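Predicted model only: the values in this text are computed from it and were never measured. Chain letters run A, B, ... following the sequence lines, proteins first and then strands; every chain starts at 1.
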Protein chains: 2
Amino acid sequence: MKSIDTLLSRLRQRGLRITPQRRVILEFLVNEESHPTAEQVYQRVSSLMPDISRTTVYNTLRELSDLGELAPVQDLSQDGRRYDTSTEPHHHLYCVACHTIIDIHRDFEGMSLSPEEASGYQILSHQATFYGICPDCQSPASVATQAGWTVDPDALNSET
Amino acid sequence: MKSIDTLLSRLRQRGLRITPQRRVILEFLVNEESHPTAEQVYQRVSSLMPDISRTTVYNTLRELSDLGELAPVQDLSQDGRRYDTSTEPHHHLYCVACHTIIDIHRDFEGMSLSPEEASGYQILSHQATFYGICPDCQSPASVATQAGWTVDPDALNSET
DNA sequence: AACCATTCTGTAATCATTATAAATTAGGTA
DNA sequence: TACCTAATTTATAATGATTACAGAATGGTT
Ligand SMILES: [Mn+2]
Ligand SMILES: [Mn+2]
Ligand SMILES: [Zn+2]
Ligand SMILES: [Zn+2]
């Protein structure tokens with residue numbers, strides 16, 4: 001993560017106020033590499049600022065994510081756990097717009113870790129996910145629909 | 001997924017009863033490749049069996065997963081969303097026992113899809129996760145603790 | 001047909017997260 | 001410095017997915 005000073009000035013840039021709560025959350029996050037949950041951030045931060053609200057932690061993490069200073073660990077279970085009828089190891093191609101998942105049933109050469117990279121882990125399996133936009137979601141109408149607009153079909157080819 | 005008959009006999013093997021509810025859920029799943037959520041399975045199945053309980057669908061999906069006939073799509077957010085202080089694309093090494101996540105900051109050659117494999121998707125990014133057991137979790141004491149046992153230190157070296 | 005362990009069902013509980021609205025405050029202005 | 005006000009924090013309620021529970025129903029066996 002960036003340095004505290006960089007982060008603080010970035011918040012100012014965007015017109016966000018520097019509050020003690022935001023400051024203590026950022027100070028915790030700056031040197032954190034454990035991919036904590038909101039609850040874990042709350043626990044740590046509330047030992048320094050006992051009266052901070054859990055809601056503020058949740059909200060701040062969401063704001064930082066919106067600003068791109070933080071990222072939720074990618075997962076495909078946005079709207080609840082999804083079940084896979086294919087139980088052999090395989091990979092996925094995922095549409096970020098409509099959440100369609102397609103299976104990729106082949107191995108990728110070179111997708112393995114060196115002993116140093118594995119850092120003592122006993123590797124059991126690995127899994128790749130490709131993020132993209134499916135053909136259906138690439139059409140202007142789909143883009144509009146995803147954004148919550150109503151589409152006027154007559155307007156589609158009227159740019160000339 | 002396996003054929004209905006294979007699945008049914010497998011349930012019998014394990015001493016599970018073949019009920020109309022389980023049958024209709026399996027019949028839906030056999031030809032399903034969309035990675036549905038429990039709610040989606042419920043919606044489809046309840047159009048054929050309107051009085052089926054949502055709970056039964058949830059329970060059956062969990063049972064089938066326990067039996068290995070079905071698999072939840074892998075994700076690292078088992079105990080809530082986790083935040084990543086590194087926002088550049090990178091990969092992960094994940095301990096399936098203690099849920100520790102380590103970053104892998106390098107690219108893997110050959111980790112890309114052919115045009116046919118991409119099936120019209122506009123690929124935006126990709127991400128790999130390596131599943132394993134971290135050094136801490138490989139010790140007998142850790143294995144026991146994870147399983148919920150209490151460890152007697154004197155018992156550890158007494159196999160001779 | 002009778003039995004009973006298994007399964008199903010409806011409801012309540014739980015857990016993570018978000019919405020809401022009232023109270024507080026950061027940061028600029030006079 | 002005192003004041004102003006939009007931004008922020010907070011507590012609480014609401015939501016949504018999932019699980020626990022306990023009683024009713026049932027399939028598979030005798
Ligand atoms: Mn799959
Ligand atoms: Mn990471
Ligand atoms: Zn799509
Ligand atoms: Zn571990």
Side-chain angles (χ1 to χ4, degrees), chain A residues 7-26 28 35-46 48-67 69-83 99, chain B residues 7-28 35-46 48-67 69-84 99:
Chain A
L7 287 167
L8 291 180
S9 62
R10 211 160 278 241
L11 290 190
R12 280 192 209 92
Q13 275 177 15
R14 319 248 192 172
L16 296 180
R17 291 178 180 174
I18 312 300
T19 66
Q21 289 87 347
R22 284 176 177 169
R23 193 184 291 271
V24 70
I25 290 171
L26 284 176
F28 167 65
H35 305 76
T37 64
E39 181 63 23
Q40 288 167 334
V41 175
Y42 170 71
Q43 292 300 339
R44 292 292 214 89
V45 148
S46 60
L48 303 170
M49 182 181 282
D51 289 339
I52 195 173
S53 162
R54 195 176 259 104
T55 303
T56 296
V57 173
Y58 272 93
N59 287 342
T60 302
L61 291 174
R62 184 152 28 85
E63 290 156 7
L64 290 173
S65 299
D66 292 345
L67 296 180
E69 308 297 344
L70 205 61
V73 171
Q74 296 182 331
D75 79 295
L76 310 184
S77 307
Q78 285 301 97
D79 306 302
R81 184 184 304 155
R82 297 179 65 164
Y83 286 95
H99 304 179
Chain B
L7 286 168
L8 292 179
S9 62
R10 211 161 277 243
L11 291 191
R12 280 193 209 91
Q13 275 178 14
R14 320 249 193 171
L16 296 181
R17 292 179 178 171
I18 312 301
T19 65
Q21 290 85 349
R22 285 176 176 170
R23 191 184 292 272
V24 70
I25 290 171
L26 284 176
E27 280 168 356
F28 167 66
H35 304 76
T37 63
E39 181 64 24
Q40 288 168 334
V41 175
Y42 170 71
Q43 292 300 337
R44 292 290 215 91
V45 149
S46 60
L48 302 170
M49 182 181 281
D51 289 339
I52 195 173
S53 161
R54 192 177 262 104
T55 302
T56 295
V57 173
Y58 272 93
N59 287 343
T60 302
L61 292 175
R62 184 151 28 86
E63 290 156 8
L64 290 173
S65 299
D66 291 346
L67 296 179
E69 307 297 344
L70 205 60
V73 171
Q74 296 182 329
D75 78 296
L76 309 184
S77 308
Q78 285 301 97
D79 307 301
R81 183 182 306 155
R82 296 179 65 165
Y83 286 93
D84 201 325
H99 304 177

Using whole Å, what does the distance between atom [atom2] of nucleotide [N] and atom [atom1] of [X] come to?
{"X": "B:Arg23", "N": "D:dG28", "atom1": "CZ", "atom2": "C1'", "answer": "14 Å"}
{"X": "B:Glu63", "N": "C:dT7", "atom1": "CD", "atom2": "P", "answer": "7 Å"}
{"X": "A:Gln78", "N": "C:dA16", "atom1": "CD", "atom2": "C1'", "answer": "13 Å"}
{"X": "A:Leu16", "N": "D:dA6", "atom1": "CG", "atom2": "C1'", "answer": "13 Å"}

> When all nucleic acid strands are considered with a 4.0 Å heavy-atom cut-off, which category describes B:Pro72: base, sugar-phosphate, or nothing?
Replying inline: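 No contact at all - B:Pro72 keeps every heavy atom at 4.0 Å or more from the nucleic acid.
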> How would you label the contact of A:Thr19 with the nucleic acid (heavy atoms, under 4.0 Å): base, sugar-phosphate, or nothing?
Replying inline: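 The answer is sugar-phosphate, as A:Thr19 gets under 4.0 Å only of primed atoms, P, OP1 or OP2.
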For the side chain of [X], counting heavy atoms from C-beta on, which of [options] is nearest?
{"X": "B:Ser53", "options": "C:dG27, C:dA16, C:dT9", "value": "C:dT9"}
{"X": "B:Thr55", "options": "D:dC21, D:dT10, C:dA26", "value": "D:dC21"}
{"X": "B:Gln21", "options": "C:dA5, C:dT9, C:dA19", "value": "C:dT9"}
{"X": "B:Ala38", "options": "D:dT18, C:dC8, C:dG27", "value": "D:dT18"}

>> Ignoring hydrogens, what is the shortest heavy-atom contact between B:Leu11 and B:Leu26? Give both atom names and the distance.
In response: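 Answer, listing the atom of B:Leu11 first, then B:Leu26: CD1-CD1, 3.8 Å.
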[X] side chain N/O closer than 4.0 Å to the phosphate oxygens (OP1, OP2) of [N]?
{"X": "B:Arg62", "N": "D:dT19", "result": "yes"}
{"X": "B:Arg54", "N": "C:dA12", "result": "no"}
{"X": "A:Tyr58", "N": "C:dT18", "result": "no"}
{"X": "A:Arg81", "N": "D:dT19", "result": "yes"}

> So, the side chain of B:Arg22 versus the backbone of B:Arg17: is there a donor-acceptor pair under 3.5 Å, distance only?
Replying inline: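 Yes; judged by distance alone, with no hydrogens or angles, the pair exists.
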> For A:Val73, does its backbone N or O pair with a side-chain atom of B:Arg82 as donor and acceptor, under 3.5 Å?
Replying inline: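 No, the answer is negative, given that no donor and acceptor are paired below the 3.5 Å cut-off.
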> Within the modelled atom types, does a donor on one side and an acceptor on the other bring the side chain of A:Arg17 and the base of D:dT8 under 3.5 Å apart?
Replying inline: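 Answer is no: no donor-acceptor pair is held.
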